[in-house]
Amino acid sequence: MEKYGVEVQEKKPKVKETGLQELPGTHENIVLRFAPNPSGPLHIGHSRAAVPNAEYVKRHNGKLILRIEDTDPKRVFEPAYEMIPEDLEWLGVNPDEIIYQSDRFEIYYDYARQLIEKGAAYMCTCDGATFKELKDNCKACPCRDNSVEENLELWEKFDTMEAGEAVLRVKTDINHKNPAIRDWVAMRLVDEEHPRLGTKYRIYPMMNFSVAVDDHLMGLTHVLRGKDHLANTEKQKYLYDHMGWEVPEYIHYGRLKMEDIALSTSKAKEGIENGIYSGWDDPRLGTLRAIARRGIQPKTIYDLIIEIGVKMADSAISWKKIYGQNRNFLEPIANRYFFCEDPQLIEVAGYSDGKMDIERPLHADHEDRGNRHLSFDGKAYIAKSDINNGIFRLMDAVNVMVDGDDVTYHSASFEEARELKARIIQWVPVEENVNVKIVMDDASIKTGLGESALKELKVGDIVQFERVGFARLDEITDDELIFYFAHK
RNA sequence: GCUCCGGUGGUGUAGUCCGGCCAAUCAUUUCGGCCUUUCGAGCCGAAGACUCGGGUUCGAAUCCCGGCCGGAGCACCA
């Protein structure tokens, strides 16, 4: 086209690395945050919030703040302070800074006072039901007309009141069409011991207040949050207006539904206390630590969340998708071994070739990893479910004919097995083997024998038991290896 | 009930802003085939979707209106 002197106009660039949409607003010096409530370890649902924040920060070289929102002592589970950073590290999310809202009460008090002085907030001594009745009918409560002086006076006395006697409200629009937005609560009294603060404070900020103050003070350029916060965003904007602050970009994403596991943190906690679950990493739970224990790779989760992106539509994650993606990561790293569930001893009648020494590669595509050694001398263990009438090949050893309880020698060569379309099954030597347990994803346990080469594994290694599936070595005891099952 | 938000194959996405290059992308899934050795891995191939009805337009997944379906919020929780 150039020779005609025509400028070829490129279509709008369609370079998109992943499903993550480009961040609106500035890309310079962005500051994002992940702000969990420390009520337990991180759940797969938390990754929906943590991962996009981390990814944007990575792409734009910004700053990521981990802000622990522990302003409701009833909902703080103390070990979560430790667990959350651990879980994030596993996920590959590395905050630049950790902030605890419980360290910042004096700051919140300061801004609360400023709001009162501006006439933008008032002390409300109505009881909840009365206020709701008025609010639902677009009526201001009498306290709304208190003078600044009166409010200040009440604010000073706040600490001496009974819990429930008064709250601090932020003025919005009493005629707002959504009743939820009208004059929301900023501060309330709480008589509950806080794990980090003890009983030092009684005046507690509400989430909407502390979040808005912190987002501003920490210089957040963008706030990513679930669409369940849509109304909260609107509430918080009133606070920004009162204070004359610049509003960050808000991005709301849809709900993440997880197939099968609908377990909330509180349900999980209850189950653990009742002994239904073995702990926060019980394979039935959707916590990141449970997923990790099963050998699901952090990158599987990370990539999946990026793919889902930050759009408003809800999405449902299926285990099939997770397993399928994870298999792609595990396949090259997992070495192959034989495992026989519910092992049955078979003696091959008519076998007379003496002891066979067999070598099999640890991974067919990676010969450099070396071989495992198995020996066969006419006896072996095979999985109970593999005992069916017909001709079978004990993988890499011999072909046998099974008829009821009788197992007889048929032939030796693989070619013959192929010709006969004999099914190839795994087996374990009688002399050399190891007890293996596999904890399945429903917490049931498969018990059996594995080949002795498994003894060289370390905790954390992920293997594939041929025709069984991928599993992660979780524990080595005196007489057995305990694996956690990942997937087929 | 009120307020708000969504709806592309079984699932997750791309495309929607700025209508034509979309008989719609990629992944997973399912099915089939292949493989001197996993009938459950791997490799190859195939299948499968624009919620519905109107409207605007030469032309609609894309814009407008309505229906249907789904979700969220309506706390002195976060």
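We use all heavy atoms of the structure for the numbers below, so side chains are in, but hydrogens, waters and symmetry mates are not. Since this is a predicted model, take the numbers as computed values, not measurements. Within every chain, numbering begins at 1; the chains are lettered A, B, ... in the order of the sequence lines, protein sequences first and strands thereafter.
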Checklist entry - Which residue, A:Phe414 or A:Pro36, contacts RNA chain B at a nucleotide closer to its 5' end, judged by nearest heavy atom? => result A:Phe414
Item to check | Quiz item: A:Glu331 side-chain donor-acceptor pair to B:rG42 base, under 3.5 Å | outcome: no
Next on the checklist: Is it true that A:Ser413 and A:Glu416 share a donor-acceptor pair across their side chains at a distance under 3.5 Å?
Outcome noted: yes
Checklist entry - Taking only N and O in the side chain of A:Lys177, is any of them less than 4.0 Å away from OP1 or OP2 of B:rC2? => result no
Next on the checklist: Classify A:Met395 by what it touches in the nucleic acid, base, sugar-phosphate, or nothing, heavy-atom distance under 4.0 Å.
Outcome noted: base
Side-chain donor/acceptor pairs under 3.5 Å, residues 308-316 of chain A, sequence neighbours excluded:
unit_1   : atom_1 : unit_2   : atom_2 : d
A:Asp314 : OD1    : A:Lys227 : NZ     : 3.0
A:Asp314 : OD1    : A:Arg255 : N      : 2.9

Checklist entry - Just one of A:Lys235, A:Lys132, A:Lys171, A:Arg144 clears the salt bridge (charged side-chain N to carboxylate O under 4.0 Å, His left out) bar with A:Asp183, so which one? => result A:Arg144
Checklist entry - B:rU38 phosphate, OP1 or OP2: any side-chain N/O from A:Arg360 under 4.0 angstrom? => result no
Checklist entry - If you look at every strand shown and take non-hydrogen atoms under 4.0 Å, does A:Asp314 touch a base, only sugar-phosphate, or nothing? => result sugar-phosphate
Next on the checklist: Counting the atoms with a prime plus P, OP1 and OP2 as sugar-phosphate, which does A:Gly164 contact under 4.0 Å by heavy atoms, base, sugar-phosphate, or nothing?
Outcome noted: base
Item to check | Stacked cation flag A:Arg327 on A:Phe470, 6.0 angstrom / 45 deg | outcome: no
Next on the checklist: Any base atoms under 4.0 Å from A:Gln325, or only sugar-phosphate, or nothing? Heavy atoms, all strands.
Outcome noted: sugar-phosphate
Item to check | Separation of B:rC5 C1' from A:Asn232 CG (nearest whole Å) | outcome: 15 Å
Item to check | Check: B:rA41 base within 3.5 Å donor-acceptor of A:Lys488 side chain | outcome: no
